[in-house]
Amino acid sequence: MGFSERYYVPFKALLFMYLYFGDDDATRAAAYLCGVMTHEEIPYVRVNSSETPPDSFGTTLYDVYILSDYPRVHFSAAHL
């Protein structure tokens, strides 16, 4: 039995809520990661690089935050 077989944990078992900022839109650079998360049934909210954070950003806690080529200018001082 190889290492990956003994220690593999399916993504579905990791029921975290992800907030994914950046990588243009879901039809371009973000398509790969969105596809993986959708295929593995990982719950996520996505924000395009051209958009500001959702209103719930300051009040909703997410388990994982992904920032990839997301402009800092979209965050207010309250967000940071």
Side-chain angles (χ1 to χ4, degrees):
M1 182 183 307
F3 176 81
S4 61
E5 295 168 352
R6 287 184 289 158
Y7 296 100
Y8 175 73
V9 177
F11 285 124
K12 292 176 190 175
L14 306 174
L15 295 178
F16 296 123
M17 185 62 176
Y18 289 65
L19 181 56
Y20 174 16
F21 289 101
D23 284 337
D24 298 321
D25 62 65
T27 63
R28 298 175 67 196
Y32 177 78
L33 186 53
C34 288
V36 169
M37 291 193 296
T38 299
H39 177 77
E40 294 295 334
E41 300 177 9
I42 297 170
Y44 68 96
V45 173
R46 223 189 80 58
V47 181
N48 292 334
S49 293
S50 61
E51 299 172 350
T52 58
D55 292 337
S56 64
F57 179 61
T59 58
T60 302
L61 292 178
Y62 294 88
D63 299 297
V64 178
Y65 295 86
I66 301 169
L67 288 99
S68 182
D69 294 332
Y70 188 76
R72 183 180 184 278
V73 69
H74 290 321
F75 291 111
S76 69
H79 291 140
L80 303 175

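These values consider heavy atoms only, across backbone and side chains, with no hydrogens, waters or symmetry-generated copies. Starting from 1, each residue takes its place in the sequence as its number.
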Listed partners of H79 passing side-chain hydrogen bond (donor to acceptor under 3.5 Å, both in side chains), at least two apart: S76

Partners of L19 by side-chain contact (heavy atoms from CB on, under 4.5 Å), sequence neighbours excluded? F21, V45, V47, F57, Y62, Y65

Taking every non-hydrogen atom, the tightest pair across P71 and S49: CD-O, 3.4 Å

Grab the two heavy atoms, one from D63 and one from F16, that are nearest each other, plus how far apart they are. OD2-CA, 3.4 Å

Residues that S56 engages under side-chain hydrogen bond (donor to acceptor under 3.5 Å, both in side chains), provided they are two or more places apart: none

Are F75 and V73 linked, directly or through other ILVMFWY residues, by side chains that come within less than 4.5 angstrom of each other? no

Quick one: list whatever passes side-chain contact (heavy atoms from CB on, under 4.5 Å) with N48, sequence neighbours left out. D25, R46, S50, E51

Can you name the residues that form a side-chain contact (heavy atoms from CB on, under 4.5 Å) with A31, not counting sequence neighbours? none

Which residues satisfy the side-chain hydrogen bond (donor to acceptor under 3.5 Å, both in side chains) test with Y20, sequence neighbours excluded? D23

